[in-house]
Every structure is written in structure tokens, then in C-alpha cells.
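Read through the structure below, which is laid out as C-alpha cells, and then see the notes.
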Amino acid sequence: MLSENKTIEEKSVNTIRTLAIDAIQKANSGHPGIVMGCAPLAYLLYKKIMKHNPADPAWINRDRFILSAGHGSMLLYGILHLCGYDISMDDIKNFRQWGSITPGHPESGLTPGIETTTGPLGQGFANAVGMAIAEKNMGSRYNSEEYKIFNHNIYCLASEGDLMEGVSHEAASLAGHFGLDNLIVFFDSNNITIDGDLSFTMSEDVKKRFEAYKWNVAQVDDINDMEALEKAVLSAKENAGKPTLIIMKTMIGFGSPNKGGKSSSHGSPLGVDEVEATKKNLSWNTKESFFIPDDVREHLLAAKEKGAAYQASWEKLYKKWSEEFPEKAKELKNIISGDKDFSFMDQFPRFNDYSKSIATRSASGKIIEFIADYYPEFIGGSADLAASNKVKISDSGAFSSGDYSGRNIYFGIREHAMGSIANGISLYNNCRAFCATFLVFSDYMRPAIRIAAMTGLNPVYIFTHDSIGLGEDGPTHQPIEQISQLRSLPGMTVIRPADANETILAWKAALANNEGPTALMLSRQNLPVIDRNKYAPAEGLLNGAYILYEPGEEPKHLIISSGAEIDISLQAAETLSAEGVPTRVVNMASMEIFEKQPQEYKDKVIPPGLSSRLIVEAGLKCGWEKYIGCSGEAVTIDTFGASAPKEVLFEKFGFTAENLVERSRKIISKKR
């Protein structure tokens, strides 16, 4: 039985530990070490420190806790269950099982109380920075001197692995630069990684590193010293002008007689005998699995009453604020509801001078300015390429430590952190993040993009310089495989508009997409504004693909293209049609949107019986195979680019109307 000498705090902490080791042992899979080491922190935050309401996990002024070391998911599931969140004991017992809401790593939107999807180390750290940015921005715009509508902290638990990952360096640097004093990160310093002792791989002075980033740094020599830990957190909350890192000295696998302090407790169940030995060592009940003492349950369930009181007090404040600032209250209510009407995009003036050529990145820049006027939660920026990406909101200042109300975020040359921070912003009270860089540098963002697609987050990625059309900068800057890679991500929507008017519709589609991220592929070079008196309306883009040019008779050949290559495709189709080969041009602006259309529409645009086809895109052929068919061919690029003027590159790589005509003739002659 339990020792009667244990305090309720110790019993609560050990309940978190034993729930974890029992769940992991039952699943025969999981990471007990971090839970056993960091259980005191979970108890302290959820019981004493954080403002949270188990009955309303989405309350907008709650404190957020991010488990960047997502492998320790049972730490979260255990404390959330004990505090009364809608996570049952059956859910705990079904840890890591098919259909459960307690997966191996935390997943946002699946489990009540989970703020973000974590597991790839460093991502949660940067998500927390994004949430801290969003809280500062919203607070500076909606709080008044008397009414602090947004007034909470972002807490994050990071492991040594999190701090090794490069994304944490980028994100920590930016957080310190912005002075995000609403951010408190706990560093689980246990000197162990999977491969063994930390000395194998890491010898830096973390304290000095974060001080150099302009963080406040504190240290707790033993995480089990609850008084010292609480004092450090309360001090951090009072700290102004800097984020805080609290270095916590912990023992991985604390309580395990044979695996405590060893890497063997990191990623494997303790084993039946060691579970029993650990419980005995903790003066715990060794006979009953998933045991929760009655006084512990009562003690921690008090979080429900406390949380309800927090929220009720805030709601009174919110009501008074709403009465005093009705316009702001209406605006904020629309943001929080998430119900958006994007018909305002129809008011954006069309580009009707068909004699002009406009880069789609430039058209996008004008549209962003327009969107910002109607969409107050729209916030973002570029990785030191704002002038090239055309993403600056002129009517807003820069987000900075001196003015958190600015909606232009200067991320610096930190693409990975930018993507992960955008995810954090997107997770915060329906804020809408956008971020931008050259398409080729989307590679640096890939882990964050993957998490966004997996989680169903909706940042808008603005990827300019989308092909060899950027010219002389050469193959290091010319994207070849990136479009195909992004299209391959489940949940990702890629849109490659062909002209300025399609760019308007691309933005409308991106804003309306609440099921995942959208990537806009935009040109550096000027593209002709397509004459919509001669060709089909740009609204066809909203169907993903549409018939842009139809010959005067039933088509016998099909050219399917996208983006910047549409112009030469139109020229080629008109030449072929004049030669007696009626040729249709299909603008495949977005495969993902097109594939969601009814089969009848898809067959109308790309007739199954029309096998004479030519695919045209300045990138990999990969992904186009389903549209090429068994008899078609492709003018694509399966090598890296080169340094030369864009006109030379397009000619050398075959992206000329003349080459498309010649390739089409060969396909047609084979069919005959």
C-alpha cells in the first residue's frame, strides 16, 4: 500500500509516473523516462500555475502548454485525465492503440487539451514561439489599459534533443530578439540521449547560449524540489522584456531502481519486473495497475472548479470590455468564431489591360495589401525576402519588441523556424499566418510544412521564383523537384496561377481552405495577362483545372500545363489547331482541388478517350503520370537548372512554343 508519510503533492506526482509506466507497459511501447523525470513539472503547472479550464479546453485566454518533447505524451495524457479533461481511463489504457485518442505522440485536434502536434524534436519549441507572437499581437491590438483580454503565458517543455535541433536555435534567437516575455521554456536537463551519455554529442553551455539570445535563464538543481521549481516559474512570470528558460536538472526514469538515469528508460517499457520494482521504490501499490488514490483524484479534479472560476472571471471582464469597445468586440468575435466570408475578394479589381505582363508575385503583393484591410487576424512575413516575395502590408508596422501590434513579421534568414512559428500562430485563436520565401528554400521548411499538413493547419505559403525563370542565379536557386514534393504531401494544396487574375482566385481559394495548408507557386518573371475575352474566365481556377482554350471543333490533342508555361502552351495549341489538329489547353492550376471535383467534371476537362496528350511544366514529371496517360509525353525538367538569362534557359530546356508544337506532332503521328 501507499506510504502514509507521502504528501499529497508527492502522491500526485507519483500517480502521474505510475499511470505512465502502466500504460506504456500495457502497450508494450512508449517512452517512460521523460514522464518519470518531469512529472513534478506537469503537476505544478496544471495544479498550481496555469490558467486552464478542463471543461473548455478552447477558452481563448487559457495558458498554453506545449510538450515539444512529444515522445513523453503520457505525461500530458496522465495529467489531463487527472485534472478532468475528457480523457477517460479507457483512453489511458488504450495508449498507442488503433482508434484511441492517446496516440504515441500528441496530436492537435484529436485529444482534448493538446495544443499542437509534436514529436519531431524542436517543432513544439518553435510552435510555442509562434503562439507567444500571436498572444502579443492580439493583446496589443485588443487589450486596453483597464481590460487585459489577452493575458496569459505560453509554457513549453523541451528536451536536450529539442535544443540540439537547428530549428530551436532559429526560434530561440527570434524569440529573444522580440522580447517575448510571455514565453517560458523548461529544459529537461538529464544528460542522457538515446545513444547514451550526453557527453557523446553535446558540450555547449546552454545557459550562456540562451543568455546570448537575450533570454532570462534560471536553474532548478532538482526538479523534485517543488518549492524551488515553483519559485522559478513565478519569478519567470514577473520577468519583463525577455523570454525565460528554466533549466531543470532531472533524472530520466526517476524511481526505477535499475533503469533510472540510464538511456534504457528512454524509449522502451520498463518491463514487468522493473515496473513492480519501481512502484515498490516509490512506496506505491504494486498489485493494481492504473491505480489512482482517492485523495489524489479529488486533489487534482479541483482544477475543474478552479478553471471554471478563472474563465468566469475573465468572461465578466470580457463583457465589460465588449460594452466599452463594441467595434473591437465585434471584430474579435468574428475572429474567434472562425466563420469567414471571403466574398470581399470579389471586390479586388481585375487586371483588364491584356497588353501588360505582370509577375504573379507582384500581383500577389497587391492582393495581400487588399486582404489585410479586411482580415485583421492575417499576419505573417518573409525570411528576409519581403521585397522579392512582395509580402509587406504597407498599412501595418513591423512586429517588434517596441510594437507588438505590427502584422509584418521579419523572420530573418530562418526558414525552418518561420514555418514552425507560422504553425504556432495558426494554432492560436484562428489567427491566419502567411509566410514567404523562394520556392527552392521550401526545403528548409519541409518538416514544419509536413506537420501543418498532418495537423490540418491552414497557413498560406507564398513561394516565389517558382522555376528556372528566375534566371542567372542558377541551379542552387532554381526549383526543380519542389513542386512535386509539395504536391506529394497528403493534405497539402498547391496552386500555381498562370497570370495576375488567376492569382486573385488562387488567394481566394487559399483563404477559404480550412482543411490544411496552401502553397502558392508564384513567378519571378513577368507573365502575360491572359485575354479573358479570348480565353476562358479565370474563375475556372477555383475548380483546380479547367479548359482554358478550346478549338473550334472537337479536340484531338490535349496540352495540360500550369503557371508560367501556360502562355507557350496557348501559342502551341493555336498553331496546331491552325494546322488541322484541334488542340485543347487545360490549365492544371491545382491538382488537389481538381481531384475533389465530380468525376463528370474531371472527364469533361480531360476526356478519358483523348489519349494524345502533352504535359508541360518547368519541373519534375513526377506526379503528372496520371494525367499523361499511356500514350502521352511530357516536356518537363528531370535535371538541375543552369545559370543563364531566363530566355536562354527556356529555350535550352525546351520550353518554347515551337518545341511544344514539334513534340505534339510526334505524339499525334504515333497515334495515326
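All values derive from a computational prediction rather than experimental measurement. Residues: numbered from 1 along the sequence shown.
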Does [X] have any side-chain hydrogen bond (donor to acceptor under 3.5 Å, both in side chains) partners at least two apart in sequence or in another chain, and if so, which?
| X | result |
| --- | --- |
| Lys328 | none |
| Ser199 | Asp197 |
| Asn258 | Glu274 |

Inter-residue atom distance [X].[atom1] - [Y].[atom2], 0.5 Å rounding:
| X | Y | atom1 | atom2 | answer |
| --- | --- | --- | --- | --- |
| Thr15 | Glu10 | OG1 | CD | 11.5 Å |
| Ile92 | Ile292 | CD1 | CD1 | 8.0 Å |
| Asn61 | His152 | CG | NE2 | 6.0 Å |
| Ser337 | Leu332 | OG | CG | 9.5 Å |
| Met251 | Asn190 | CE | CG | 10.0 Å |

For the student: nearest non-hydrogen atoms of [X] and [Y], plus distance:
| X | Y | answer |
| --- | --- | --- |
| Pro112 | Leu110 | CD-O, 4.0 Å |
| Ala27 | Phe95 | CB-O, 3.4 Å |
| Asp162 | Gly122 | OD1-N, 2.7 Å |
| Pro257 | Asn281 | CG-CB, 4.1 Å |
| Met492 | Pro517 | SD-O, 3.6 Å |
| Cys435 | Ala422 | SG-CB, 4.1 Å |

Under 3.5 Å donor-acceptor, [X] side chain and [Y] backbone:
| X | Y | answer |
| --- | --- | --- |
| Thr118 | Leu67 | yes |
| Ser256 | Gly253 | no |
| Asn137 | Ala134 | no |
| Thr111 | Ile101 | yes |

message = So, applying side chain to side chain donor-acceptor pair (under 3.5 Å) with His52, which one of Tyr310, Tyr85, Trp59 is it?
response = Tyr85
With sequence neighbours excluded, give me every salt bridge (charged side-chain N to carboxylate O under 4.0 Å, His left out) pair touching [range].
| range | answer |
| --- | --- |
| residues 198-217 | Glu204-Arg209, Lys207-Glu211 |
| residues 134-158 | Lys136-Asp181 |
| residues 57-85 | Arg62-Glu115 |
| residues 236-252 | none |

Set of salt bridge (charged side-chain N to carboxylate O under 4.0 Å, His left out) partners for Glu9, sequence neighbours left out = Lys48
inquiry  = Filter on ring-ring contact (aromatic ring centres under 6.0 Å, His included), then keep only pairs touching residues 247-266, sequence neighbours left out; what's left?
reply    = His31-His266, His71-His266
Basic-acidic side-chain contact under 4.0 Å: Lys319, Glu323 = yes
request  = Determine, step by step, whether Lys231 and Glu227 satisfy the salt bridge (charged side-chain N to carboxylate O under 4.0 Å, His left out) criterion, reporting the C-alpha distance in whole Å, the side-chain angles of both residues, the deciding distance to 0.1 Å, and the verdict.
outcome  = CA-CA 6 Å; Lys231 182 178 178 181; Glu227 184 178 345; over 6 Å; no
Which residues share a ring pair (Phe, Tyr, Trp, His ring centres under 6.0 Å) with Phe399, sequence neighbours left out = Phe178, Tyr404
inquiry  = Run the ring pair (Phe, Tyr, Trp, His ring centres under 6.0 Å) test against Phe210 and tell me which residues pass, sequence neighbours left out.
reply    = Tyr213, Trp215
query = Which residue, Asp221, Leu157, Asp222, forms the side-chain contact (heavy atoms from CB on, under 4.5 Å) with Met248?
reply = Leu157
key: Heavy-atom neighbours of Tyr142 OH exceed 12 at 6.0 Å   = yes
With sequence neighbours excluded, residues passing side chain to side chain contact (heavy atoms under 4.5 Å, CB included) with Asn28 = Pro269
query = Where do Val206 and Leu245 land on the side chain to side chain contact (heavy atoms under 4.5 Å, CB included) test, with the steps shown first?
reply = CA-CA 10 Å; Val206 172; Leu245 179 75; 3.8 Å; yes
